[in-house]
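Letters A, B, ... mirror the listed sequences (proteins, then strands); counts begin at 1. The analysis underlying the following values was restricted to heavy atoms, covering all of them including side chains, and did not include hydrogens, waters or symmetry mates.
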Amino acid sequence: MHDMNRDVARHLRLLGELLEISGKEPYKIRAYYRAADTISRLASPVDDMDEARLTDLPGIGENIARKVIEYVKTGAIHELTELEESVPSGLVGMLDLDGVGPKTIHALWTKMGIEDIAMLEKAAKNRRLRALHGFGPKKEEAIIQAVAGYRRKTSRMTRKEAEELIGRIEPAFPGKNFTVAGSFRRGRSTIGDIDIVSTEAPARTNALLQEVADEIIDQGERKTSFSIGDRRVDVRFCTPAFAGTMLLYLTGSKQFNIKMREIALSRGEKLNEYGIEDREEGRTYTFPDEASVFSFLGMDYIPPELREDQGEIEHARRHTLPELVRETDIRGDLHMHSSWSDGALSIAELARLGEERGYEYIACTDHSASLGVAHGLDAARLAKQHHEIEMSNRSHSCRILAGIEVDILGDGSLGLSGPVLADCDLVIASVHSGFKQDRDVMTRRILSAMENEHVDIIGHPTGRLLGKREAYLVDMERIISAAADTGTALEINASPYRLDLDDIYVREAHDHGVMLSIGTDAHTREEAAAIRFGVGIARRGWCGKQDILNTRPFKGFFT
DNA sequence: GCCGTTTTCGGCCCGACTGTTTTCAGTCG
């Protein structure tokens with residue numbers, strides 16, 4: 001995300017949190033949270049937006065627009081600065097404790113002088129909290145547990161980790177009557193907790209969940225929450241008759257659900273996870289699947305990946321949603337490594353793997369020699385590799401494209417010369433060094449690679465490693481605009497550790513008519529299956545089949 | 001504070017579960 005957008009979003013959120021702890025009106029607070037949300041998922045920087053452009057954004061009115069402009073100009077928001085002076089800074093951190101919310105914090109602060117997590121923990125252990133109205137021994141114990149949980153709090157999971165966790169939960173559903181919903185189903189690049197809808201009998205499943213759970217958080221006939229591996233899992237039980245509204249509800253997103261319920265309200269209906277109640281007739285309609293819910297509300301089916309309240313609801317009502325790319329549309333993987341550099345598979349093994357996966361082609365894109373660590377290829381070895389690729393292509397139905405992943409060097413030049421690149425079928429240019437350059441230098445560095453006539457694709461364009469390394473500083477607006485001008489494709493790197501481009505930039509690129517390519521960056525057999533993650537990100541970026549380079553058939557690929 | 005295929009004012013999604021309560025507030029998703 002753009003730094004300024006991130007800063008502005010963070011400050012608006014903080015403003016909301018401080019107002020909430022101060023006990024201000026909930027709707028005002030919600031407005032700040034919503035505005036922070038909008039700005040944090042904005043692809044273009046707020047730096048140079050005027051009041052008119054800002055107020056066009058959903059959830060941002062005159063008041064918040066002025067605060068955004070104030071922050072961009074002065075680096076501070078006056079109202080926030082004042083609030084920070086009157087509210088101890090440690091209180092905001094207490095919001096991260098499970099089961100501790102703004103009302104609790106307000107009471108602890110004003111009635112007991114508790115100002116941070118350490119003070120709270122001490123008071124709970126000394127059994128002083130039970131003196132407060134509404135607090136008892138169980139609440140004290142819950143707070144002690146919450147502090148412990150906070151200390152081992154982990155960041156969001158990769159999708160791969162989430163899949164492994166789901167694998168550990170599966171034994172509790174021997175009948176397989178469950179669907180993973182939430183951000184996992186929406187295809188988000190990282191996952192916080194796991195949400196599950198199940199049509200199993202609650203009593204039986206609850207007993208089985210006891211076996212897989214590390215700790216049961218709460219348990220009921222309709223809903224059970226537990227932790228496993230320091231992750232939270234929420235299970236909602238339903239019958240097949242109302243599985244549609246239950247799945248819709250638990251898939252979210254939160255903003256999407258709010259908007260859907262507002263639409264139902266405007267029709268004189270009430271939407272919840274059990275169905276849709278016609279308030280006039282007083283009868284409730286139930287829906288066995290999501291499609292019938294959308295249909296009832298006069299909308300087209302919205303794929304989970306689009307459910308973020310980013311315009312998809314309006315499109316669904318006007319019947320103008322795009323048809324999204326599917327995994328079965330993918331005809332080849334455009335980014336794989338072989339044993340010629342740091343991969344595990346030979347060229348022939350790549351071809352066989354491609355055949356097994358039903359691909360027409362795989363681009364073998366090993367590293368160039370300038371990256372010493374990865375047994376990169378120089379011109380001589382590349383020529384030998386091309387010969388082996390030719391041999392393989394004679395005997396396999398899956399064609400290997402003789403590609404290269406060439407380094408974009410610090411000054412924007414490439415790790416291999418023009419004539420060498422000209423001999424390749426496909427050239428991916430990627431940044432693998434000098435991540436600390438300033439924004440303008442990095443941006444111009446990538447732009448010069450895009451201007452090189454041999455470069456087809458920019459690999460993992462922002463260089464992020466999820467949960468490990470932030471994206472380098474780069475002006476994605478300029479990159480996207482240059483990609484449109486030069487006809488260079490931007491990669492959606494499908495590795496679950498990267499998922500780079502981020503979906504907000506994919507959507508921006510898509511809107512600018514930029515072609516995207518999906519590549520797994522696989523070094524092993526197993527990693528080649530990651531293509532599904534990349535397709536998910538493409539879908540979240542509103543991409544159809546026509547927007548993705550590797551949905552093209554082998555013939556016509558080079559046209 | 002935001003917003004309008006009812007509205008420029010008066011609304012703002014909805015329900016499960018827990019703990020501390022005698023009927024509900026707080027938190028969460």
Side-chain angles (χ1 to χ4, degrees), chain A residues 12 15-16 19-21 23-38 54-68 79 94-108 129-143 145-146 181-183 192-197 202 206 216-226 232-238 242 245-246 248-277 279 284 298 309 313-314 317-318:
Chain A
L12 290 177
L15 189 46
L19 289 171
E20 200 166 15
I21 291 168
K24 294 291 191 304
E25 317 118 74
Y27 291 116
K28 186 171 173 174
I29 292 153
R30 178 180 143 182
Y32 280 109
Y33 289 149
R34 173 137 195 258
D37 217 44
T38 295
L54 283 166
T55 51
D56 276 347
L57 299 170
I60 296 183
E62 216 173 284
N63 197 303
I64 293 184
R66 292 218 180 106
K67 287 190 169 65
V68 171
E79 189 182 334
M94 288 163 61
L95 285 170
D96 288 339
L97 299 173
D98 237 9
V100 177
K103 299 277 167 53
T104 305
I105 294 171
H106 184 81
L108 291 166
L129 297 183
R130 60 187 68 177
L132 281 180
H133 181 74
F135 287 74
K138 286 194 173 170
K139 189 93 182 169
E140 277 175 345
E141 183 53 32
I143 284 173
Q145 288 305 317
S183 57
D193 52 27
I194 301 287
D195 298 298
I196 292 174
V197 173
N206 278 336
I216 301 291
I217 297 168
D218 44 45
Q219 193 170 75
E221 282 287 301
R222 298 188 159 101
K223 174 187 175 187
T224 288
S225 300
F226 63 95
R232 184 189 174 102
V233 181
D234 293 310
V235 181
R236 288 299 304 260
F237 298 106
C238 67
F242 64 95
T245 42
M246 183 59 83
L248 189 73
Y249 155 69
L250 209 62
T251 298
S253 64
K254 181 177 179 168
Q255 285 302 333
F256 173 87
N257 283 350
I258 290 174
K259 180 72 75 71
M260 289 291 283
R261 287 168 180 194
E262 283 171 354
I263 284 172
L265 265 184
S266 73
R267 294 162 44 101
E269 294 153 355
K270 186 176 72 170
L271 167 64
N272 61 25
E273 58 266 50
Y274 302 109
I276 297 178
E277 181 191 336
R279 289 186 148 156
T284 296
D309 189 19
I313 292 174
E314 292 76 7
R317 299 184 87 182
R318 292 196 303 264

Rounding to an integer number of Å, can you tell me how far [X] [atom1] sits from [N] [atom2]?
| X | N | atom1 | atom2 | answer |
| --- | --- | --- | --- | --- |
| Gln219(A) | dC17(B) | CD | C1' | 12 Å |
| Lys28(A) | dC3(B) | NZ | C1' | 17 Å |
| Phe256(A) | dC13(B) | CZ | C1' | 13 Å |
| Met246(A) | dA16(B) | CE | P | 8 Å |
| Met260(A) | dC12(B) | CE | P | 19 Å |

Worksheet item: Is there a side-chain polar atom (N or O) of Asn257(A) under 4.0 Å from OP1 or OP2 of dC13(B)?
Response: no
Worksheet item: When you check the phosphate oxygens OP1 and OP2 of dC2(B), does a side-chain N or O of Tyr33(A) lie under 4.0 Å from one of them?
Response: no
Discussion item. Protein within reach of the bases, or only the backbone? For nucleotides 21-29 of chain B, mark each nucleotide 5' to 3' as B, S or -, using heavy atoms under 4.0 Å.
Written reply: S----SSSB
Discussion item. Checking Lys67(A) now: which residues fulfil salt bridge (charged side-chain N to carboxylate O under 4.0 Å, His left out) with it, not counting sequence neighbours?
Written reply: Glu79(A)
Practice prompt. Kindly say whether Glu273(A) contributes a backbone atom to a donor-acceptor pair with the side chain of Thr245(A) at under 3.5 angstrom?
Written response: yes
Are any protein N/O atoms closer than 3.5 Å to N/O atoms in nucleotides 4-11 of chain B? If there are, list each pair with its distance.
none

Practice prompt. Check whether the side chains of Glu20(A) and Tyr32(A) place a donor and an acceptor atom closer than 3.5 Å, and report yes or no.
Written response: no
